[in-house]
Amino acid sequence: MPMEKTFDAKTAEPRLYKMWEDAGAFKAGANASRDETFCIMLPPPNVTGHLHVGHAFNHTIMDMLTRWKRMQGYDTLWQPGLDHAGIATQLMVEKDLAAKGLPKRTEMGREKFLEKVWEWKAANGGQIEQQARRLGDSMDWSRSAFTMSGAESAPATEKPGNFHDAVLKVFVEMYNKGLIYRGKRLVNWDPHFETAISDLEVENIEVDGHMWHFKYPLAGGETYEYVEKDEDGNVTLRETRDYISIATTRPETMLGDGAVAVHKDDERYAPIVGKLCEIPVGPKEQRRLIPIITDPYPDMNFGSGAVKITGAHDFNDYEVAKRGNIPMYSLMDTKGNMRADGKPYAEEAAIAQAIANGEQDFDEAMIAAMNLVPDEYRGLDRFEARKRVVADITAEGNAVMVPNPAAKGPGAETGTASEDAADRSPGLDPGPQPDVPAMIPFVESKKIMQPFGDRSKVVIEPMLTDQWFVDTAKIVGPALDAVKEGRTKIMPESGEKVYYHWLENIEPWCISRQLWWGHQIPVWYGPDRDYLKDFEAIRSSGSLGVPDRQNSLQYFCGASFSEAKAKAAEYYGEEYKIDELAPSDNPSMFAFGKADAQKQLSLSRDPDVLDTWFSSGLWPFGTLGWPADDEAMKYFPGDVLVTGQDILFFWVARMMMMSEAVLGQEPFHTVYLHQLVRDAKGEKMSKTKGNVIDPLDMIDAYGADALRFSNAQMAALGGVLKISEDRIKGYRNFGTKLWNAFSFAEHYDIPYPGDAARLDATQTLNKWIIGETGKVRETIDAAMEAYRFNDAADALYAFTWGKVCDWYLEFSKPILQGDDAAAKAETEQTLRWVLDQCLILLHPIMPFITEELWQQADSRAKMLVHADWPTYTAADLVDADADREMNWVIDLIDNVRSARAQVHVPAGAKVPLLVSGLDAKGQSAWDNNHVLIQRLARIESLSHVDDFPKGCVTIPMEGGTFGIPLADLIDVAEEIARLEKTMQKLGKELGGLRGRLNNPKFIESAPDEVVAEAKANLALRENEEAQLKAAIARLAEIG
RNA sequence: GGGUGAUUAGCUCAGUUGGUAGAGCGCUUCCUUUACACGGAAGAUGUCGGGAGUUCGAGCCUCUCAUCACCCA
């Protein structure tokens, strides 16, 4: 059956993929002929994910590497899988429930909800794995892993796996080594999902905000002399004040203030340091007084120089509060509303005051339980509370006032504030009024950086909560060393600097999440022994749990309850019978009972789950069966990690730390980082902008190979990735070109029995193309080894199109049509060999079209996907004489064509060719190849002459000057112009060369080979120049 | 504010220890010549962001300025 006109990617790609998959072509170890392994771990996409251009890009790279190594006979594994993606998945399923009108998550309860998540996963999850097949990814699908495999909640219908075991084992081991701890710290809290999130899951976005200026009156009506000076020490303001002025962007957090801080060098406030001031909000009778302290944190030049310290709601304040042992009062609940729990405000405020006065001791748990939100604000949304607080303070006259720019009058120039950027808070705008007030509250409009949840898009609230942390400072060392000592290399190199910078300043990693979908933390809580002294009293009082005494908790960590129970039994002694408190939505911390002769103690499991990245940090070995003794562990450590640079910290650094901490080894020797894939203009793709390119659309339109080639071609190390449909289209055309090269072979009835062997060629053109093939194979391997995929792609393109199609196939025509049977046979076989090499070398980038063409042979030893990657070198295959000769031929043809076109010789016309002073080499090159030259340059005949006739186009060549006599056709002026233009270009080059060679310092300092090259070049150019001069002179005679 | 990178042909980008600039697309002209119009042939276009320095020699190294992008505060 004759070949189709073009490759039909739409039908062929699924067919070919099925063939490979059915044959097990991608399985771990398939086609292995040596022991060395090559392993790439696919960065697991979210189970909710879909293939986007970023995946398409890095999959192409991973697949190129994998296919390349597999063809080289390595024992390869490209390990696929999915990430359970805690927040994203939980969100997706909750939306799904809402859309179907089913009960909410909180209504159905944990167990039922997890069932729904697994159901959702079975029905909708992992679509990306089907989409990846369309790209041609050669992953071992039979090994596809899931970060929640083997979890307690997993239904029996799920594919078995033990990733959960790995997660629990690592947690327990790290806990036992003291690398994981529980603590009360300020964390980023997402009020939408009601969970803590890590620093990396927060996006800081600049938004329009306001800075309010308020007065905190001094206790007891005390006053002081407030003096402001300019840079030269001249007094610019002096007044008596009975307050300290505070600037804040978050007035609602004033309720939790524990102090006001000023810099110790700030002379303005020196008189009042150590005194108390009043928080100007809340019921007048219970105004809290807080101390004025010094700390290095306040910036004297920013705002008033005085900062309110709210340790529980701001990261900077938190550090100040820790340093100064300032109580940190939490004001909000998990939804970001003002707290409504605890005792009435009057009671709480009285205790707080006693603490501030130093009359009462306090501890963390006690402070945490206190609710200092005044009764009238309790339960309010945080932003609503802000408005109310601002309004109340202003109404009471404690807002700093400035002249109203809208009010014209003599009063406009007075006022205490030096800033002039005052405006009115939108929330306070009274609207058009007949009488404009002369003074208004001082509210600056300014850009502020506000934290948003990257999933929820709501404003993140710093919250003081009990969370689990990895003590990253303790495990970061080996991960740093691995890169510093070169055991792991990050490409491009700039990534290493960024990596160091982050790891050297690493913060503790908050790993607990208040979610349900994820690995539940394997820790059970019980009371400490001290607490149990009162066992009988507590039991008989019926009290359950100790939420107000968290400090007396005891943790029992184990991979299962029985492990934890064993630890608990040891801790509590034989008099206790230990069991597990049934999980419920709102568990007590533990419970007591009496069972026979024993005291009964029920422990509860921590309801939180682990950060998704904790489990993905184990991906490099958790996918290989660890902790079981699995044969697949031979693939650890893997080789290359290919991923976007945006998850260098999220994931790469954590894999490094976790692999080092658990297995004492770095998980890969190379990290290949790439940038975000953007649109053709370099803009981020987003749904709102409408510039999203769907890789599947590109595959539909141009085939996967074209998309892949485009990806490979733009994979310059560290480069900006701009995907362009025009380019993809261009590489589709490239595929067609390759296709047509095979049509060519078919057209000339060249036999295609199967794997073509390389001949020791006798024909110059065959020797030449074999040498070119050797060169390009080396270029490609060198490029691949250096991760310079764009160089590999460019080399393949230039070879296939520019060498094989443009020249070799054209050169072969006269022989294929000729009578020299031996030459014909040799050329036929060489042509088949060269085309086979194109398929092999292109296969890692363009797997589909190459396999399809490969299968056209009558029989093959192996599928192309398993074909042997060549090892021949340029040194083996290049014949220097053939190389020189063919390049001379190509040069001559180019020059004749160019001359013809410029003097408008009709394309079809055959012209005679003259030559003068042809040397022996030139003569022999002509003799060997005149058929090719005559055909491709449309030459009728060659005659030797001593002098060119008048009106002759001149073509200077190495070894002789050629000419085309065109007396009738030639436009003398035009030809002179052409030659002069060439002379000009030549002149520039000659100038440079002569300049260099005439400079004695160049001769002295430049390396010998550079000097020799310059000299040879000069001789060549000078010869050319002479020929051109002669030609111009000849033309001048006619003109 | 800190960090990283970028600025090369009309557009999008390469350019690997400093040796005198390239590709694709687009554009112009010609060509349906039996592999291919998703093609062939020919052609035009760059003070390599500005300035200074090191060097025999700088797109590449150093400094500086300008503009832009991204990451982290």
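So that the names make sense, note that chain A is the first sequence line, chain B the second, and so on, each numbered from 1. Excluded from the calculations below are hydrogen atoms, water molecules and symmetry mates; all remaining heavy atoms, backbone and side chain alike, are included.
A/R788 has a side-chain polar atom (N or O) that falls below the 4.0 Å cut-off from OP1 or OP2 of B/G15. Between A/N733 and B/G39 there is a side-chain polar atom (N or O) within less than 4.0 angstrom of OP1 or OP2. Put simply, A/K5 has no side-chain N or O that comes within less than 4.0 Å of OP1 or OP2 on B/A35. When the side-chain nitrogen and oxygen atoms of A/Y702 are compared with OP1 and OP2 of B/C38, none of them lie within a distance under 4.0 Å. Applying the 4.0 Å criterion to OP1 and OP2 of B/G40, one finds that A/K737 has a side-chain N or O inside that range.
One P atom belongs to B/G39, the other to B/U20, and the distance between them is 33 Å to the nearest Å. One C1' atom belongs to B/C60, the other to B/U33, and the distance between them is 46 Å to the nearest Å. Comparing the C1' positions of B/U45 and B/G26 gives a spacing of 12 Å, expressed to the nearest Å. B/A23 and B/U64: their P atoms are spaced 36 Å apart (whole Å).
Evaluation of atom-type donor-acceptor distances gives a pair under 3.5 Å for the side chain of A/R732 against the base of B/C38.
The ring-ring contact (aromatic ring centres under 6.0 Å, His included) test with A/W739 singles out one residue from A/F848, A/F734, A/F7, A/F744, and that residue is A/F7.
Minimum atom distance to the side chain of A/T736 is reached by B/C38, of the listed B/C38, B/G43, B/A23. In this structure, of B/G39, B/C56, B/A35, it is B/C56 that holds the atom nearest to the side chain of A/F1002. Closest contact between the side chain of A/D806 and the listed nucleotides B/A41, B/A35, B/U33 involves B/A41. The side chain of A/T6 approaches B/C38 more closely than any other nucleotide in the set B/C25, B/C38, B/A35. Nearest nucleotide to the A/S898 side chain, out of B/G43, B/A35, B/G40: B/G43. Set against B/C25, B/C56, B/C38, the side chain of A/K1001 has B/C56 as its closest nucleotide.
In summary, A/E810 and A/K813 engage in a salt bridge, as defined by a charged side-chain N under 4.0 Å from a carboxylate O.
Between atom CD1 of residue A/I849 and atom OG1 of residue A/T736 there is a gap of 6.5 Å, rounded to the nearest 0.5 Å.
For A/D891 (side chain) and A/N887 (main-chain N/O), no donor-acceptor pair under 3.5 Å exists by modelled atom type.
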message: Could you write out RNA chain B as dot-bracket? Rules: Watson-Crick or G-U wobble, both distances under 3.5 Å, brackets [ ] for crossings, | for pairs with another strand, dot for unpaired.
response: (((((((..((((.....[..)))).(((((.......))))).....(((((..]....)))))))))))).
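Taking the six-membered ring for Trp and the full ring otherwise, A/Y797 and A/Y731 have centroids separated by under 6.0 Å.
Comparing A/Y797 and A/I1003, the nucleotide of RNA chain B nearest to each residue sits closer to the 5' end for A/Y797.
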